[in-house]
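This report refers to the structure that appears directly beneath it.
All of these numbers come straight from a predicted model, not from anything done at the bench. We count ligands from 1, going down the list as the structure has it; atoms in each ligand are counted the same way.
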Amino acid sequence: MPFRPHYTGLIENYRDRLPVSDDTKLISLGEGNTPLLRLNNIPAVLGKDVEIYIKYEGLNPTGSFKDRGMTMAVTKAVEEGSKAIICASTGNTSASAAAYAARAGIAAFVLIPEGKIALGKLAQGMMHGATVIQIKGNFDEGMQLVKDVAEHAPVTIVNSINPFRLQGQKTAAFEIVEELSRAPDFHCLPVGNAGNITAHWMGYSEYFDDGIIKARPKMVGYQADGSAPFMRGEMVDNPETVATAIRIGHPQSWDKAWKVKEESQGWFDECTDAQILAAQKLLAEHEGIFCEPASATSLAGAINDINSGKIPEGSMIVCTLTGHGLKDPDTAIKQSTSPMLTVDATLDAVRDAILNNMAD
Ligand code: F0G
C-alpha cells in the first residue's frame with residue numbers, strides 16, 4: 001500500500017488527550033512526530049555500554065520543541081477570540097509564536113533581550129511579521145513585563161505559564177513511549193523555565209496512569225553553570241551562558257520542576273559552557289546531528305553522569321535536543337575547527353587541498 005494518512009500535526013494525532021473539541025479550529029504547521037535517533041558512535045567514544053536515544057526536536061517546523069506547545073496555545077487563543085499573542089523569549093518561543101500567529105492570521109508581540117538571541121531566531125520573528133520588541137534587559141525582566149502588560153492590553157500570553165503550552169509539549173513523551181514500547185530509564189533535558197521537563201513528566205504520567213507503561217523514567221534536568229538556579233536552590237539575577245536559549249535565572253515553573261524531580265527520583269545538575277559546546281560538536285561530528293548549544297546541555301550532562309556512574313551502564317537514556325543547530329550559526333562557526341580553505345579555481349589547487357587534508 002503506497003499511501004499513508006496525511007499527517008496534520010500533534011493535536012489531530014492526540015485529539016483525545018488534548019483539550020480540544022470537534023469544533024475547535026486547529027492551528028497547525030505539522031509539528032511533532034520528530035525522529036528518535038539511536039546514537040551509533042558516541043557510546044563507543046565514551047567507552048560505555050549505554051543505549052542513548054536523541055529526540056530531535058529541532059526538526060519541528062520552526063526548528064524547536066516550542067511548536068508542540070505553540071500549536072495548542074495559539075489554537076486555544078483563537079478559539080477564545082484572541083486577536084493577539086505576546087511572549088518574552090530567549091528566541092525560540094518568539095520564533096514559534098510569530099510563525100503560528102502568522103498561520104492563524106493574528107498579531108504577535110515578542111519581547112527579546114537585546115543582543116542576546118541567536119541570529120536565526122531573530123530572523124524568524126522578523127520574517128513572520130511579529131512586532132519584535134528588544135528590551136535592554138534579560139529574559140526574566142522581559143517575562144515580568146509581559147505579565148504586567150497583559151493586564152493592560154488585549155493580548156494572550158503564550159509563554160509556558162499558559163497551561164495549553166504544557167499540554168502540547170507532553171506529546172513528546174507519548175511519541176517516545178510509542179517508539180520504544182516502554183519509557184526510558186532516564187530522560188535528560190536542558191532546563192530554562194522548566195516547562196518542558198514538567199510537560200514530559202505529565203506525558204509519561206498520563207501513560208503510566210492509563211497502564212500503557214509500567215514504569216516512568218527518572219527525569220534529569222541540566223543547566224549551564226552560569227545560569228543554574230536549580231543548583232543554587234534560589235533565583236539567579238544575572239544569568240550568563242553561551243547557551244542563550246537557557247540564559248534564565250528566574251524559572252517560571254520552579255515549584256512544578258522540583259515536584260518532577262521528587263516524583264521521578266531524578267535530579268538537577270549543571271554543565272560548563274565548554275562541556276556544552278563539546279557535546280554539541282560531538283553530536284555534529286560523530287553522529288551528523290546538529291543542535292543548538294542549549295540543546296546539547298542534555299547530552300553534556302548525561303555524559304558527565306554516565307562517566308561518574310550516576311547513570312549506570314546498561315541504561316536506556318533519552319536526551320531531548322530542543323532546538324536546531326541552524327538557529328545559532330555564529331556560535332557554530334566560532335567554535336568550528338574544520339579546515340576552511342580558500343584556493344585558486346584550478347585543478348591543481350583543489351587536488352592539493354584534498355590530498356593534503358586526507359586522513360592517513
Ligand atoms: N532548549 C531550548 C533550545 C530552548 O529554547 C529552551 C527555552 C529550553 C531548552 C528550555 O526549556 O524553558 O521549558 O525549560 N527557551 C525559551 C524561549 C525560554 O524563550 O525560547 P524550558
Side-chain angles (χ1 to χ4, degrees), residues 55-60 62-70 73 85-99 108 110-113 116-118 120-122 124-125 130 132 135 138-143 146 157-162 165-166 168-170 172 187-202 219-224 227-230 239 241-254 256-258 260-261 268 271 276 279-280 290-301 319-328 331:
K55 184 67 168 161
Y56 199 4
E57 290 287 275
L59 292 195
N60 274 295
T62 76
S64 86
F65 74 97
K66 304 289 179 180
D67 298 340
R68 288 186 187 274
M70 204 56 71
I85 58 174
I86 189 167
C87 66
S89 180
T90 55
N92 281 322
T93 301
S94 58
S96 187
V110 303
L111 269 72
I112 55 173
K116 291 290 188 182
I117 86 166
K121 304 173 188 181
L122 186 60
Q124 288 176 291
V132 178
I135 60 159
N138 62 25
F139 169 85
D140 303 308
E141 292 163 305
M143 190 66 241
V146 162
I157 299 177
V158 294
N159 281 100
S160 56
I161 55 171
N162 177 325
R165 278 277 309 276
L166 300 194
Q169 285 171 216
K170 75 182 179 183
H187 190 135
C188 305
L189 294 122
V191 168
N193 278 314
N196 209 23
I197 197 168
T198 303
H200 277 75
W201 184 243
M202 283 165 54
M219 303 299 292
V220 188
Y222 297 114
Q223 302 207 285
S227 180
F230 284 102
T241 168
V242 69
T244 51
I246 51 170
R247 187 171 164 270
I248 293 169
H250 292 238
Q252 297 299 310
S253 294
W254 178 256
K256 290 194 183 98
W258 283 111
V260 170
K261 172 193 170 284
F268 296 113
C271 309
I276 292 169
Q280 183 195 19
F290 193 17
C291 68
E292 67 170 289
S295 305
T297 308
S298 59
L299 182 67
C319 292
T320 297
L321 295 188
T322 43
H324 201 286
L326 291 172
K327 292 272 193 174
D328 191 354
T331 306

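When all heavy atoms of G249 and D140 are compared, the pair lying nearest together is N-OD2, 2.9 Å.
The aromatic rings of H187 and H200 sit perpendicular to each other, their planes meeting at more than 60°, with 30° as the lower class boundary.
Of all the atoms in ligand 1, the ones that sit under 4.0 Å from a non-hydrogen atom of G195 are 13 (O), 14 (O), 21 (P).
Taking only nitrogen or oxygen atoms, main chain and side chain alike, S89 reaches within less than 3.5 Å of ligand 1. Considering backbone and side-chain atoms together, S94 places no N or O closer than 3.5 Å to any N or O of ligand 1. Considering both main-chain and side-chain atoms, N196 comes within under 3.5 Å of ligand 1 through a nitrogen or oxygen pair. For ligand 1, the polar-atom distance check against N193 finds a nitrogen or oxygen pair separated by under 3.5 Å.
A donor-acceptor pair shorter than 3.5 Å can be found between the side chains of T62 and D67.
Considering only non-hydrogen protein atoms, atom 5 (O) of ligand 1 sits nearest to N92 ND2, 2.8 Å. The single protein non-hydrogen atom nearest to atom 17 (C) of ligand 1 is T93 OG1, 3.0 Å, given as residue, atom name and distance. The protein non-hydrogen atom at the shortest distance from atom 4 (C) of ligand 1 is A245 CB, 3.6 Å. Nearest protein neighbour of atom 16 (C) of ligand 1, counting heavy atoms only, is K66 NZ, 2.9 Å.
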Take K327 and Q124, measure what side-chain hydrogen bond (donor to acceptor under 3.5 Å, both in side chains) needs, and give me the verdict at the end. CA-CA 9 Å; K327 292 272 193 174; Q124 288 176 291; 2.7 Å; yes
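The residue among L111, I246, T322 with a heavy atom at the shortest distance from atom 8 (C) of ligand 1 is I246.
To the nearest 0.5 Å, the span separating OG1 on T320 from CD on E57 amounts to 6.5 Å.
The shell of residues lying under 4.0 angstrom from ligand 1, judged by heavy atoms, includes A194.
In this structure, the side chain of T241 does not engage the main chain of R247 through any donor-acceptor pair within 3.5 Å.
A search for side-chain contact (heavy atoms from CB on, under 4.5 Å) contacts involving A97 returns M70, I85, C87, V158, not counting sequence neighbours.
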